[in-house]
Amino acid sequence: MIMLQREKTKQFHVGDLVFGGNNKVYIQSMTTTYTKDVEATVKQINTLYEAGCDIVRVAVLDMEDAQSLGEIKRQIKIPLVADIHFNYQLALEAIRQGVDKIRLNPGNLPKREQVEAVVAACKEKHIPIRIGVNSGSLPGRAKATAELMVETAKHHVEILESMGFYDIAISLKATDMNLMVAANRLAAKTFPYPLHLGVTEAGTAFSGAIKSALGIGIILSEGIGNTIRVSLTDNPVLEIQAAKEILKNLGLKDKVPNLISCPTCGRIQYDMIDIAKKVEQYLLKVNKTINVAIMGCAVNGPGEAKHADIGVAGGKGEAILFRKGEIIKKIKEADIYDELIKEIDLFDDRIEA
Ligand code: SF4
């Protein structure tokens with residue numbers, strides 16, 4: 001795997017995480033619960049955390065939402081971001097409640113004193129601000145271009161800079177993947193701040209994950225970007241799974257298993273598609289750098305998957321189990337799943353790496 005050269009940006013803390021610079025690219029998601037429903041929100045955040053989410057954002061629509069943030073924060077293990085629009089009182093309350101970052105566009109607040117109050121509170125608690133520009137909500141409903149998106153972000157950035165505030169993250173999101181790519185390339189040249197990447201309103205799980213993987217992947221492969229959010233019209237846990245796949249395939253995340261499975265063909269010897277799907281589900285909970293191969297036949301199986309740490313290649317009513325391309329033993333078709341799981345559990349990536 002080629003190591004990516006990452007763009008240098010300013011860095012700061014988001015909770016316990018060091019954000020920006022050459023640090024890890026963090027996975028974000030956003031809850032779909034009502035934030036004031038603390039129990040449901042905490043439950044969803046903790047499920048996201050277990051799936052691999054590094055930073056979580058919640059929508060703050062009113063004071064009741066804002067006043068729930070402290071209790072939510074106490075019951076979760078990852079940094080909490082408050083997403084606020086147009087209302088500085090909500091931002092001040094969110095900061096009082098101890099959030100780790102706020103998403104707020106200062107240019108959308110009606111008075112400079114209101115921005116000053118938010119900036120002073122953020123400075124005191126070392127809380128960064130994310131400025132978010134979406135292609136669908138540009139001033140005057142102008143046609144979105146990369147230049148206009150960056151100009152709009154610049155307007156918000158300069159307000160914060162004029163108050164001596166520099167702990168800024170920026171997102172430039174578009175539903176059009178090519179526009180998102182162009183805007184982020186330009187943003188990386190324009191700003192010294194970390195970038196939050198995402199294709200907004202990307203769609204449902206399958207098409208949205210592909211669109212996001214392309215847009216986010218192209219930008220990350222150029223060394224740009226410090227955190228990603230895959231936006232899907234589905235359970236946000238799927239956003240985390242998609243984000244992990246993107247980062248893993250770019251070599252930006254370790255301790256994530258990799259499943260190698262053949263597409264099957266006329267040489268197929270056993271019902272491997274169901275087994276591959278079940279193993280993939282199991283691997284979602286495994287925090288190891290491990291390549292697992294599931295191949296349809298013994299003709300090409302071990303050879304095609306010789307880089308796998310562990311794998312099977314099907315025979316008639318049986319399969320061969322192999323490690324690092326070496327055949328270990330024959331197993332019955334009915335035992336393939338259990339044998340693979342046993343091997344995955346035994347595998348120690350600290351020894352094998
Ligand atoms: S491993 Fe065997 S079954 Fe799978 S695609 Fe290759 S030749 Fe076909």
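Order of listing sets the numbers, starting from 1, for every ligand and every atom in it. All values reported here derive from a predicted model rather than from experimental measurement.
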Among all the protein's non-hydrogen atoms, which is closest to [atom], and how far away is it?
| atom | result |
| --- | --- |
| atom 8 (Fe) of ligand 1 | C265 SG, 2.3 Å |
| atom 2 (Fe) of ligand 1 | C297 SG, 2.4 Å |
| atom 7 (S) of ligand 1 | N300 ND2, 3.2 Å |

Taking C-beta and beyond as the side chain, do H13 and H126 meet within less than 4.5 Å on heavy atoms?
no

Could you list the atoms of ligand 1 found under 4.0 angstrom from a heavy atom of G296?
1 (S), 3 (S), 4 (Fe)

Any N/O/S atom of C262 sitting less than 2.8 Å from atom 8 (Fe) of ligand 1, backbone or side chain?
no

Do I72 and T35 pass the side chain to side chain contact (heavy atoms under 4.5 Å, CB included) test, and can you show the C-alpha distance, the side-chain angles, and the key distance before you say yes or no?
CA-CA 9 Å; I72 292 170; T35 302; 3.8 Å; yes

Does K277, at its NZ atom, have more than 12 non-hydrogen atoms belonging to other residues, nucleotides or ligands within less than 6.0 Å?
no

So for atom NZ, which belongs to K154, do other residues, nucleotides or ligands contribute more than 12 heavy atoms lying within a distance under 6.0 Å?
no

Please verify the inter-ring angle class for F19 with Y26; under 30° counts as parallel, over 60° as perpendicular, anything in between as tilted.
parallel

